[in-house]
Structures are given as C-alpha cells and as structure tokens.
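Here the structure comes first, spelled out in structure tokens, and everything after it is commentary.
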Amino acid sequence: MGLDGMIGGNGSYVKDKDTVVMYQLITLEQCKHIVDWCHSRNLEFYLESNNGLFASKNFEEKGNPVIKVYCQRKGKENASEQTVRTVFSEMIYGGELYRDDCNKVSFILNSYQDHLDSIKEFPDLKPGTWGGADEIALFGDLGVKGIDKAHAIDELLKYLGASLEDTFAFGDAKVDIPMLEYCNVGVAVNSGGDEIKAMADYVTDDVNQDGIYKAFVHFGLIDDVLNLC
C-alpha cells in the first residue's frame, strides 16, 4: 500500500516522507565492542543498518534451526521449511562488521545468561531480547540507550504537530509495549506474546489473517469492504 514514513531500529530512526526526523546510531567504538564481545563468546549476530543487514561468518548455519523455532512460535505456515535465507533474504555476508552506521545488533543466544551478561558488559547501550519471553528468548539485542518506540512516536508527533489522541499502535512483542502504552489505543495481534496481549486495549487476529485490517474496521477507521469481521 506504500508508506509515507517509518520508525525503525526500535525507535532510533524516524522518517516522514523524505525528511529524517530523528536518527541516533550506535557509535563505531560501541559497534567494535559488541562485535569483539560476540566473537569472544562464540555468539553469531547481525548488524542492522539503513544500508543493510550484515551477518557474522556463521550466522546462517547457527541461525537456521533458531529461525524455525521463531517461525513456529509466530504461527507461521511451513515454519519447518523456513531458513535464514527465506526470512532474511537480503542479508549481507562477508561485509564490514566494524561499522559507524549501525542502528542495533541482534545476536543468537546460546543461553539466557548471554543476555544477562550483556547488561553488565554494555552499560552504555540498551540490552533486550526477542523471539520469546525471558528465559526462552532466542535472540539478544543491543541498541541506543534511552531510545524506544514511544520516544520515537513522541518525536514524530512534535514534528507533525499531531495529537496523541489520534494515535493507534499495533505490536506483537515485548519491545512494542512502551509504544502501546504511550499511544491512545494499543492493539496487539493474536500471534504476539502473552505480555503484550495482556496489556493491550484490544487484541486482533494474526497479521496473516487480516488482523490489522479488522482492527481498523473495529475502531471505525475504515469501512469493512471485505466483510471479514
């Protein structure tokens, strides 16, 4: 349908049409620290940049079974057939890993202790997990400290001169909770985790079952031309 703007990097990047409203990056020194730390612990990872996703040497091999589990938890069809290549089709291998254009870094957890240790190792960054709640998380991540999706929305509203009363947020993961709490209406999709569904104002169907469309109809934002609700 086309997009007239976006928020990316867990809230570190905000764009409206052709204008970059906010962009906060991990520094080159922080990126080097993360890469060296991951290598020292045999953690496979990828760097998220506006210029692409840059994977560590063995990310694909280590990531294939993890991606299958992730897709199963999300209720994705043919989850057992999913691979890193199908989910991250444009992943770049063999690229420079010491980067100054990095939004965040995700790494495959060998155990939940890797995430706990990352909190101590990187007090200057924002550690998190995804792919499962707490001890069953599949990935850890490290992003810009003090940044989340709620902060990004606030910056966008200031730029647009728009009202918080007109905001709706949709999410499926723990990282989306601040966004759902901040916006006037927070909607969780059914494939999301228990935490976000428990705090949401409304729970809609899965994305691949027209959940976002159905929520728009439910709140009277569009007419139900497909008669799905």
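What you see is a predicted model; the values in this text were computed from it and never measured. Along the sequence shown, residues are numbered consecutively beginning with 1.
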Check your understanding: Yes or no on side-chain hydrogen bond (donor to acceptor under 3.5 Å, both in side chains) for D36 and Y98, after CA distance, side-chain angles and deciding distance?
Key -> CA-CA 9 Å; D36 291 345; Y98 288 166; 2.5 Å; yes
Study note, to complete from the structure: For K104 and I26 the tightest heavy-atom approach is CA-CD1, 3.6 Å
Study note, to complete from the structure: Test side chain to side chain contact (heavy atoms under 4.5 Å, CB included), reference V105, set L47, D141, L125, output is L47
Check your understanding: Mind checking whether L97 and Y93 sit in one hydrophobic cluster, side chains of I, L, V, M, F, W, Y counted as touching below 4.5 Å?
Key -> no
Practice item. Decide yes or no for R41 and D117: does some side-chain heavy atom of the first lie under 4.5 Å from some side-chain heavy atom of the second? Key: yes
Check your understanding: Got more than 12 heavy atoms from elsewhere within 6.0 Å of CD, E61?
Key -> no
Practice item. Answer whether the closest heavy-atom distance between the side chains of I108 and L43 falls below 4.5 Å. Key: no
Check your understanding: Under 3.5 Å, is there a donor-acceptor pair between the side chain of R99 and the main chain of C31?
Key -> no
Exercise for review: On the 0 to 90° scale, with breaks at 30° and 60°, tag the W130-F139 ring pair as parallel, tilted or perpendicular.
Suggested key: parallel
Exercise for review: For the residue pair P65 and V69, establish whether any side-chain heavy-atom pair is separated by less than 4.5 Å.
Suggested key: no
**Study point:** From CA spacing to verdict: side-chain hydrogen bond (donor to acceptor under 3.5 Å, both in side chains), K62, N110
**Key:** CA-CA 10 Å; K62 184 71 173 291; N110 290 331; 2.6 Å; yes
Exercise for review: Please report the closest heavy-atom contact between T167 and L157, naming both atoms and the distance.
Suggested key: CG2-CD2, 3.9 Å
Check your understanding: Is it true that atom NZ of K76 has more than 12 heavy atoms of other residues, nucleotides or ligands lying nearer than 6.0 Å?
Key -> no
Practice item. For the residue pair Y46 and F88, categorise the inter-ring angle as parallel (less than 30°), tilted (30 to 60°) or perpendicular (more than 60°). Key: tilted
Review point. So, does D224 use its side chain to make a donor-acceptor pair with the main chain of V217 at under 3.5 Å?
Key: no
Point to revise | Aromatic centroids of Y182 and H151 separated by under 6.0 Å | key: no
Exercise for review: Report the C-alpha distance between V87 and Y70 in whole Å, list the side-chain angles of each, state the deciding distance to 0.1 Å, and finish with yes or no for side-chain contact (heavy atoms from CB on, under 4.5 Å).
Suggested key: CA-CA 10 Å; V87 174; Y70 177 76; 5.8 Å; no
Point to revise | Verify same cluster id: W37, L28 (apolar side-chain graph, 4.5 Å) | key: yes
Point to revise | G171 versus L180, closest heavy-atom pair with distance | key: N-CD1, 3.9 Å
Exercise for review: Would you check if C102 and F54 make a side-chain contact, meaning some heavy-atom pair closer than 4.5 Å?
Suggested key: no
**Study point:** Y159 vs T19 side-chain heavy atoms within contact, under 4.5 Å
**Key:** yes
Study note, to complete from the structure: Heavy-atom nearest pair, L109 first then A137, reads CD1-O, 3.6 Å
Study note, to complete from the structure: Between V84 and E60 the two heavy atoms that sit nearest each other are CG2-O, 3.8 Å
Review point. Under 6.0 Å between ring centres, would you say that holds for F216 and F170?
Key: yes
Review point. So do K68 and T83 actually touch side chain to side chain, heavy atoms under 4.5 Å?
Key: yes
Check your understanding: With a 4.5 Å limit on heavy-atom distance, are the side chains of N50 and D101 in contact?
Key -> no
Point to revise | Nearest atoms (heavy-atom pairs only) where P127 meets F122 | key: CG-O, 4.5 Å
Review point. Between the main-chain N or O of L164 and the side-chain N or O of N184, is there a donor-acceptor pair closer than 3.5 Å?
Key: no
Review point. Can you find a side-chain donor-acceptor pair between N208 and K74 that sits under 3.5 Å?
Key: no
Exercise for review: Evaluate the side-chain contact (heavy atoms from CB on, under 4.5 Å) criterion for residues L116 and K120: first the C-alpha distance (whole Å), next the side-chain angles of each, then the deciding distance (0.1 Å), finally the verdict.
Suggested key: CA-CA 7 Å; L116 298 178; K120 297 177 182 178; over 6 Å; no
Check your understanding: Stepwise, does the side-chain contact (heavy atoms from CB on, under 4.5 Å) test hold for F45 with I34?
Key -> CA-CA 10 Å; F45 60 92; I34 297 169; 6.0 Å; no
**Study point:** Sub-4.5 Å side-chain heavy-atom contact between D148 and K126
**Key:** yes
Check your understanding: Transitively linked via ILVMFWY side-chain contacts under 4.5 Å: L156 with V20?
Key -> no
Exercise for review: Check the pair D176 / K149 against salt bridge (Lys or Arg N to Asp or Glu O under 4.0 Å), numbers first and verdict last.
Suggested key: CA-CA 7 Å; D176 296 323; K149 296 180 184 182; 2.5 Å; yes
